[in-house]
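Okay, structure first, notes after.
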Number of protein chains: 2
Amino acid sequence: MKKSISKPARERLIQLVRLLEQVQSTETLAVITSAEIEKRTGWTNATVRRDISLLGINCASSAGYSIAALIEAIKAVLNISRSEKKCCIVGLGRLGSALLEFEGFAHSSFKIAAGFDSSVNRTEILSAPFPLYPTSRMEAVIAQEGIEYAILAVPERSAQEAAERLCKCGIKGIVNYTSVVLRVNDGTMVENISVIDALQKLSSAG
Amino acid sequence: MKKSISKPARERLIQLVRLLEQVQSTETLAVITSAEIEKRTGWTNATVRRDISLLGINCASSAGYSIAALIEAIKAVLNISRSEKKCCIVGLGRLGSALLEFEGFAHSSFKIAAGFDSSVNRTEILSAPFPLYPTSRMEAVIAQEGIEYAILAVPERSAQEAAERLCKCGIKGIVNYTSVVLRVNDGTMVENISVIDALQKLSSAG
DNA sequence: TTTTGTGAACCAATTCACAGCA
DNA sequence: TGCTGTGAATTGGTTCACAAAA
């Protein structure tokens with residue numbers, strides 16, 4: 001863990017751990033080679049080996065890497081699922097409330113601890129496995145619950161303002177579902193996952 | 001100008017055009033400097049200037065870049081909004097159907113031309129401004145409509161199979177809302193926008 | 001054998017630093 | 001003066017190629 005892991009390598013490792021878990025749950029393989037990972041991901045085998053070597057562990061034989069050991073190593077180094085991390089959803093329109101049933105959360109180390117919406121009516125009508133609050137209580141609830149990450153799913157026109165409030169609360173990162181380019185403090189990171197953004201990336205690569 | 005634009009540069013330019021449009025619609029600025037763009041995005045002014053110079057146009061004065069000209073230039077070079085591009089939504093659960101009301105589409109050059117779901121019941125009950133079909137008709141409709149991109153919002157267990165069918169149809173790109181690591185043909189690109197993926201990127205960057 | 005792990009080489013991207021321009 | 005545009009330098013990432021290990 002001496003060498004710090006670059007962003008592209010980290011992102012590949014995040015995907016890799018998920019790929020390995022999928023393999024583990026649908027196939028009987030216990031071991032996988034870098035060549036096989038290349039087939040399934042498109043990354044070159046050299047890149048795969050380099051990424052894995054950055055973990056600073058040694059879980060390979062001449063048949064390849066032990067899948068179980070590799071999963072553990074990546075999780076440990078990237079502190080994925082090291083401890084439960086609390087998130088909140090900001091904006092409970094169709095998109096925000098669709099997340100209430102997103103399967104992926106079950107197997108992750110992220111836990112949704114609160115939902116916020118400016119419409120009190122909506123926070124009262126919706127039912128969720130976690131408490132819903134009016135946006136006015138955002139700062140208080142985030143501090144009190146120790147929420148670290150926010151999922152931003154408000155209408156475009158409210159996105160920047162919401163982001164600023166989240167920054168002031170000391171939120172570590174925002175997952176941005178809107179296509180607004182957010183201006184945030186240095187202490188806060190943003191991951192953009194707007195569908196328009198993604199489509200434009202695809203079509204500009206064409 | 002024959003220098004091809006790198007992927008990171010393209011992705012910044014896509015964000016930049018959106019930022020500029022936002023500035024244009026909320027402020028009265030007609031001109032913007034690379035230093036100002038740095039403030040709003042966090043990219044260094046050198047990177048901003050380099051990216052813009054890759055466009056091979058010249059829309060700057062000593063006061064900065066003309067916002068309107070810059071928007072046009074980026075759109076032209078990245079063929080954003082050059083022509084209307086057809087997409088489909090595959091999987092009309094809560095997440096997929098939430099996209100029906102996503103605002104961003106209105107101002108984009110992407111048009112949703114079809115929705116697919118394995119539940120015939122669902123395709124009959126939902127109402128959308130475009131036709132909905134059972135998944136069995138996917139291949140036929142995609143070919144007939146000339147659909148180029150797909151938004152994948154099916155349950156995790158069906159994701160890989162759906163992706164393979166989309167590849168066979170010759171779809172150019174898939175926007176993947178699931179957290180499954182998709183294996184696709186060389187001719188098909190994937191953009192992953194799973195919320196879990198995004199949260200893990202944020203927390204591993206810590 | 002086969003496959004990893006890794007220096008060294010290569011290629012890509014960013015940043016520096018400054019000439020040139022309005 | 002205050003900006004852009006861009007060669008040159010630098011930093012970062014990927015790939016090569018091969019020794020070492022199983």
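Keep in mind that this is a model prediction, so the values were computed, not measured. Lettering follows sequence order; numbering is per chain, from 1.
The separation between B:Asn45 atom CG and C:dC18 atom P is 15 Å, rounded to whole Å. Remark: P of D:dG12 and CD of A:Glu11 are 17 Å apart, rounded to the nearest angstrom. If you measure from atom CG of B:Leu70 to atom P of D:dC3, you get 16 Å, rounded to the nearest angstrom. With rounding to whole Å, A:Arg49 atom CZ is found 16 Å from D:dG13 atom C1'. One can place CZ of A:Arg10 at 17 Å from C1' of D:dT14, the figure rounded to the nearest angstrom. Note: CD1 (B:Ile67) to C1' (D:dT4) measures 16 Å, nearest angstrom. We find that CD1 of B:Ile52 is positioned 18 Å from P of C:dA13, with the value rounded to whole Å. Counting to the nearest Å, the P atom of C:dC21 and the OH atom of B:Tyr65 are 16 Å from each other.
In this structure, B:Glu161 places its CD atom where only 12 or fewer heavy-atom neighbours from other residues, nucleotides or ligands lie under 6.0 Å away. Other residues, nucleotides and ligands contribute over 12 non-hydrogen atoms within 6.0 Å of the CD atom of A:Glu139.
Residue A:Asn58 is in sugar-phosphate contact alone, with no base atom involved, counting any heavy-atom pair closer than 4.0 Å across all strands shown.
Between B:Ser62 and D:dG2 there is no side-chain N or O to OP1 or OP2 distance below 4.0 Å. Residue A:Thr44 places at least one side-chain N or O closer than 4.0 Å to OP1 or OP2 of D:dT15. B:Thr47 has no side-chain polar atom (N or O) that falls below the 4.0 Å cut-off from OP1 or OP2 of C:dT14. In terms of phosphate contacts, A:Ser34 brings a side-chain nitrogen or oxygen within less than 4.0 Å of OP1 or OP2 of C:dT4.
For a distance-only test at 3.5 Å, the side chain of A:Arg12 fails to qualify as a donor-acceptor partner of the base of D:dG13. You'll find a donor-acceptor pair under 3.5 Å spanning the side chain of A:Arg50 and the base of D:dT15, going by distance alone.
A parallel orientation is assigned to the rings of A:Tyr177 and B:Tyr177, their planes being inclined by less than 30° (bins at 30° and 60°).
Taking the side chain of A:Ser6 as heavy atoms from C-beta on, and the options D:dA22, D:dG13, D:dT15, the nearest nucleotide is D:dG13. In this structure, of C:dT4, D:dC16, D:dG13, it is C:dT4 that holds the atom nearest to the side chain of A:Ala60.
Note: A:Gln144 CD to A:Ile142 CD1 = 11.5 Å, rounded to the nearest 0.5 Å. Annotation: the span from A:Thr135 atom OG1 to A:Arg165 atom CZ amounts to 6.0 Å, rounded to 0.5 Å.
The residue among A:Ser61 and A:Ala9 whose nearest nucleotide of DNA chain D lies closer to the 5′ end is A:Ala9.
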